Number of protein chains: 2
Amino acid sequence: MSELQSRNVPVTIARLARHLGLSAGTVSRALNNYPDIAEKTRKRVQKAALELGYRPSSSARRLARGIIETVGFVLPTTRNQHSDPFLAEILNGLASELSLHDWDLLVASVPKGQNEIDVINRLAGSGKVSGFVIARTRREDDRVNYLRKSGLPFVAQGRTDTPDDYSWLDIDNEQAFMDAVSYLRDLGHAKIAFLGGDPTLNFAWQRRNGYLRAMADQNGHIGVGYLIDGVTDELSAFHATRRLLTITEQDRPTAILCVTDAVAIGAMQAITHAGLTVSRDISIMGFDGLPIGEAVQPALTTLHQDSYEIGREVGRMILDLCTNSPSAPTQTLWQAKLTPRASVNRPGGNPA
Amino acid sequence: MSELQSRNVPVTIARLARHLGLSAGTVSRALNNYPDIAEKTRKRVQKAALELGYRPSSSARRLARGIIETVGFVLPTTRNQHSDPFLAEILNGLASELSLHDWDLLVASVPKGQNEIDVINRLAGSGKVSGFVIARTRREDDRVNYLRKSGLPFVAQGRTDTPDDYSWLDIDNEQAFMDAVSYLRDLGHAKIAFLGGDPTLNFAWQRRNGYLRAMADQNGHIGVGYLIDGVTDELSAFHATRRLLTITEQDRPTAILCVTDAVAIGAMQAITHAGLTVSRDISIMGFDGLPIGEAVQPALTTLHQDSYEIGREVGRMILDLCTNSPSAPTQTLWQAKLTPRASVNRPGGNPA
DNA sequence: AACGGTACCGAAAGCGCTTTCGGAAGTCAA
DNA sequence: TTGACTTCCGAAAGCGCTTTCGGTACCGTT
């Protein structure tokens, strides 16, 4: 107790051993719960370690054991900033899950002039990470292709076009948008438009497919100009919706399905701005479950996904992949939850 | 060339040395640009290293040199999710800057049952990070207090109430909101309300102070109920604004200054919903520069801060702190940029 | 031819930890 | 009392790299 951790001189295992009159090896085995240590000395060692504030150096530990216990996350390179309100939540969930097992999360970005592959390569090559989590997958994704053939453990949050031989966790976007179409049609909507995002991003592509498939299955008619791609944020949504509103009232959609909540908000703005009323004149539906959807007038009907839980599950998956012997890839599909609110109504504005 | 990196057998410095007929020490010095290596052999070593795909193990390197080259970022524990649209951008900027110097960013979250101090302690104690970046500072911040007395290098993004003896980068929130008040008063607004956030968070407190101080300086009158605290998101903003609108038209504010853009959006919704028109009846002003502000109708007047650049600068600061000998704390104050848009107008709705 | 000086490289110790191996006690049965 | 086990701990090697130290070989001077 008298010789507490003195800041400048970090307490090593050798120090601790000398203090106890034991050898370093014994101290190590005591702390790591080896069976060949007398219970009495184990207690003694643990007590002293606590008192002296001993913390094993993770570099030394990793070197000696040949382990890494760190997963890498390469931030998606996205042109428009703030575009991903989930990233922080996913990171939070991921880091939480990892920390339960004393693993670390290394976050890297892609510097100008490099691509994601370079970064992945560097991190894995120098032994800084033992696996990767990637997000925002594209239909055709270089990162996935590279990781796949490299043999490195990785989990993708979101699939690609050929998702068979690797591990991923994805939202069932296609089903979600089929559900959305059904929901709207059940309310009486026949003229349903779709504001789609960047179709090279797989989540947007899947939602687009869900819309198309459900419309086809249910003999829906997709009017001219009903499907608009490349709507990625509020502003482009605003303009896209204005274009929709130029359609004659006869042919104009009575409902607009939006690829994200952000797009939905932009669409609502355009409708209101055009002197129409959301829900009465045109129903709007989004996807994400952003908090803003509750505050907007009328409140936004949406499909909800829990980013934090996605992060945690992805964490479990990558841990499993990194610690256990190579097994078959785990592939998890989660359903989004439809959250009906006021922005969707029967066509013509009669309350449902 | 014949014996390329064979995946399962990582190429160590010893391997490389044997391959070259040199000693490990020589190879190490060659690659690290020691002066006592013949230029010819240095080239030879570098070439072979490239060909064999040699990557020094970062654990070994760190252990041998006694360095860490990693900064820790503890994710702020926030009750309402998605509440911080900047976090991802700040992380991006931070990671970018760090990677320029081959430093890493370790992101940790606070598991249930622990607090931020525990996490900081653990990361620093086991030598996983050599410094910290913290964000979302409170007026009285345990993390800052702890780090301050621990002697660990750290940079705070945002100050505390007693910001003298540590390094930080902050936006001049007080000045920004004084500017905002001036801007509104110059347009003729006398009745200016303020929707403030969580006053224990310093940025919200500073903005509140800016409002109060400017109103006092300019002999403005703060009407009853004009100042509402605890408005943190769109929904609470919606309700708070409804409360403002219950004031008689005579005394009702002609402009509402909002602590964030998200709050401003909620306020706009409430105004529109009440049958009034933003900008003509009531001017709205936010802070952040979110993209949604451009899409909303009318477009939101705001004060802009560039999160990515904030992240980069914080990166430079923490690098400086970690690599150089302890010096005086660097304290940087950045000004937000006022971005006039349509949501602010002269009182009475006459275009400015 | 002997000298000091320089350029270059190998040997070896060490970073802090883990883990195998062997040996000194102690235990028990015959 | 001896032998065979256990129990428990120390010694030592090793993880992959860095860095100091010293030594050889070569250079140019006197």
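If you're wondering where the values come from, they're calculated on a predicted model, not measured in any experiment. Just so we're on the same page: letters track the sequence lines, and every chain starts at 1.
- Residues satisfying the side-chain contact (heavy atoms from CB on, under 4.5 Å) criterion with A38(A), sequence neighbours excluded, are T41(A).
- In 5' to 3' order, the nucleotides of DNA chain C bounding all contacts with chain A (an atom under 4.0 Å from a heavy atom) are dG16(C) to dT20(C).
- For D165(A), the side-chain contact (heavy atoms from CB on, under 4.5 Å) partners are R148(A), not counting sequence neighbours.
- Comparing R29(A) and S23(B) against DNA chain C, the residue whose closest nucleotide sits nearer the 5' end is S23(B).
- Counting only residues at least two apart or in different chains, salt bridge (charged side-chain N to carboxylate O under 4.0 Å, His left out) contacts with residues 16-30 of chain A comprise R29(A)-D36(A).
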Got a list of side-chain donor-acceptor pairs under 3.5 Å for residues 310-321 of chain A, not counting sequence neighbours?
from, atom 1, to, atom 2, distance (Å)
R312(A), NE, E97(A), OE1, 3.1
R312(A), NH2, E97(A), OE1, 2.8
E313(A), OE1, R316(A), NH1, 2.5
D320(A), OD1, N324(A), ND2, 2.5

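- Scored by the ring-ring contact (aromatic ring centres under 6.0 Å, His included) test, F132(B) finds no partners at all (sequence neighbours excluded).
- Applying the side chain to side chain donor-acceptor pair (under 3.5 Å) test to pairs two or more places apart or on separate chains, those with a residue in residues 104-117 of chain A are R62(A)-D104(A), D104(A)-K128(B), S109(A)-S96(B).
- At the heavy-atom level, G127(A) lies nowhere under 4.0 Å from the strands shown.
- Under the rule for a side-chain contact (heavy atoms from CB on, under 4.5 Å), the partners of A60(A) that lie at least two apart in sequence or sit in another chain are S57(A), L63(B).
- Partners of R122(B) according to the salt bridge (Lys or Arg N to Asp or Glu O under 4.0 Å) rule, which considers only residues two or more places apart in sequence or in another chain, are D102(A).
- When heavy atoms are screened at a 4.0 angstrom cut-off, S28(B) is found touching base atoms of the nucleic acid.
- Non-hydrogen atoms lying under 4.0 Å from DNA chain C are contributed by N32(A), Y34(A), all within residues 32-46 of chain A.
- R62(B) comes within 4.0 angstrom of nothing in the nucleic acid, heavy atoms only.
- The side chain to side chain donor-acceptor pair (under 3.5 Å) check on S130(B) picks up nothing, with sequence neighbours excluded.
- A donor and an acceptor atom, one from each side chain of N145(A) and E140(A), are located under 3.5 Å apart.
- Within the nucleic acid shown, G66(B) has no heavy atom closer than 4.0 Å to any nucleic acid atom.
- At the heavy-atom level, T26(A) lies under 4.0 Å from base atoms of the strands shown.
- Remark on the helix from dA1(C)-dT30(D) to dA30(C)-dT1(D): inter-end axis angle 60°, axes from five-pair C1' superpositions, rounded to 10°.
- Remark: the T200(A) side chain and the R138(A) side chain contain an N/O donor-acceptor pair separated by less than 3.5 Å.
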